[in-house]
Amino acid sequence: MYKQENIKPYKGDEDKGKQVEQMFDNIAPTYDSLNHSLSLEIDRLWRKRAIKELAKHNPASILDIATGTGDFAIQAAQTLQPTTLIGVDISEGMMEIGKRKVLQAKLNKIISFAREDCMNLSFADYSFDAVTAAFGIRNFSNLEQGLKEMHRVLKPGGHLCVIELTSPISFPMKQIFKVYSHTILPLFGRLISKDRNAYEYLTASIEAFPQGEKMQEILQNIGFTEVKFERLTFGVCTMYLATK
């Protein structure tokens, strides 16, 4: 078990998955505007960087795990033009916003959404050319089980692309980010989202999540090959790439 698996958004006995679902349903209306503001819009560049890597493989079918409001799915569909792209999440509230954005972007013939438990996906083995996840695997109640499911539904030779928030490891960004994530981030999150726990949970889960070489090792142990990672924006975000 990894440290972040024990970190929950709220007090109580409900399992992490249920609490994460409740949290994202609560913050869904303000999620996009708040996240873009808190990252100074850099999150768009992180997604663009990940999609550039995927473009090398020209995937026709993509599964976007923890799709949220669909930002990664929309950017991927616009750039990669796959035949099908399915975004899955446990939060109906987040996906409802995603569905509206997809209609507005006129991508509803390519992108569809489904409520799924990422620990037990309903898709058959070898279903997708690529599996992606942007800022979502940190919320898994069982990290290895979720990653095994992502591996299972990939076709042989298929590609995994994950971007996740991480803690910088070098001076001075390490110190700057710690101050930012413990003061500004939870303050603005509490004021705008009205959920005082959500952005405190965000900080705690980032700090507890395995990253860099440790995450690379986890992916290799699950069965992924050609695993590599790249720290982005001084390590505030890390991109992981792997092949089945």
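Residues Pro186 and Ser181 come closest through the heavy atom pair CD-O, 3.1 Å. Residue Met239 comes nearest to Ala50 through the heavy atom pair SD-CA, 3.6 Å, listed as atom of the first residue, atom of the second, then distance. Taking every heavy atom of both residues into account, Ile7 and Ala208 meet most closely at CD1-CB, 3.5 Å. Scanning both residues, Gly87 and Thr67, for their nearest heavy atoms gives C-CG2, 3.5 Å. Of all non-hydrogen atoms in Gly17 and Ile90, the two that sit nearest each other are O-CD1, 3.3 Å. The two residues Asp125 and Arg152 make their nearest non-hydrogen contact at OD1-NH1, 2.8 Å.
At a threshold of 4.5 Å between non-hydrogen side-chain atoms, the residues Arg49 and Glu230 count as touching. For the pair Pro9 and Val20, the minimum side-chain heavy-atom distance is below 4.5 Å. Side chains of Glu5 and Leu143 form a contact here, defined as non-hydrogen atoms less than 4.5 Å apart. Gln211 is listed as a side-chain neighbour of Ile169, based on a closest heavy-atom distance under 4.5 Å. Annotation: side chain of Ser170 is not in contact with side chain of Phe234 (no heavy-atom distance under 4.5 Å). Contact check for Phe224 versus Thr243: no side-chain heavy atoms found under the 4.5 Å cut-off. At least one side-chain heavy atom of Lys155 sits under 4.5 Å from a side-chain heavy atom of Ser61. Counting heavy atoms from C-beta on, the side chains of Met119 and Phe140 come closer than 4.5 Å.
Checked for salt-bridge contact, Lys8 and Glu14 miss the test: no charged N lies under 4.0 Å from a carboxylate O. Ion pairing of Glu21 with Arg115 is present here, as a side-chain N (NZ or NE/NH1/NH2) and a carboxylate O approach within less than 4.0 Å. Ion pairing of Glu164 with Arg231 is absent here, as no side-chain N (NZ or NE/NH1/NH2) approaches a carboxylate O to less than 4.0 Å.
For Tyr2 and Phe209, the ring centers are positioned 6.0 Å apart or more.
A donor-acceptor distance shorter than 3.5 angstrom exists from the side chain of Lys16 to the backbone of Gln4, with no hydrogens or angles considered. Side chain of Asn108 to backbone of Leu103: no donor-acceptor contact under 3.5 angstrom is found.
Val227 and Leu54 sit in two unconnected hydrophobic clusters of ILVMFWY residues. Membership requires side-chain heavy atoms under 4.5 Å apart, directly or through other members. Criterion: ILVMFWY side-chain heavy atoms under 4.5 Å apart, direct or through other members. Under it, Leu45 and Tyr180 are not part of a common hydrophobic cluster. In this structure, Ile111 is not a member of the same hydrophobic cluster as Ile86, with clusters built from ILVMFWY side-chain heavy atoms closer than 4.5 Å.
Atoms NZ and CD, from Lys148 and Glu144 in turn, are 5.5 Å apart once rounded to the nearest 0.5 Å.
Residue Asp13 places its CG atom among 12 or fewer non-hydrogen atoms of other residues, nucleotides or ligands, all under 6.0 Å distant. Around atom CD of Gln104, no more than 12 heavy atoms belonging to other residues, nucleotides or ligands sit under 6.0 Å away.
Under the side-chain contact (heavy atoms from CB on, under 4.5 Å) rule, Val131 has a single partner from Asp64, Leu147, Val162, Leu160, which is Leu160. Looking at Thr233, Ile176, Val236 one by one, the single match for side-chain contact (heavy atoms from CB on, under 4.5 Å) with Pro168 turns out to be Val236.
Using a 3.5 Å distance cut-off with no hydrogens or angles, the side chains of Thr166 and Thr238 do pair a donor with an acceptor. Side-chain atoms of His57 and Asp129 form no donor-acceptor pair, as typed in the model, at a separation below 3.5 Å.
Judged as a side chain to side chain donor-acceptor pair (under 3.5 Å), not a single pair has a partner in residues 74-88 (not counting sequence neighbours).
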Considering only distance and modelled atom types, tabulate donor-acceptor pairs under 3.5 Å from the side chains of residues 24-32, sequence neighbours left out.
residue, atom, partner, partner atom, Å
Asp25, OD1, Ser91, OG, 2.6
Asp25, OD1, Gly93, N, 3.0
Asn26, ND2, Tyr10, OH, 3.1
Asn26, ND2, Gln22, O, 3.3
Asn26, ND2, Asp195, OD2, 3.4
Thr30, OG1, Ile27, O, 3.3
Tyr31, OH, Asn35, ND2, 3.1
Asp32, OD1, Thr69, OG1, 2.6
Asp32, OD2, Thr69, OG1, 3.3
Asp32, OD2, Lys101, NZ, 2.8

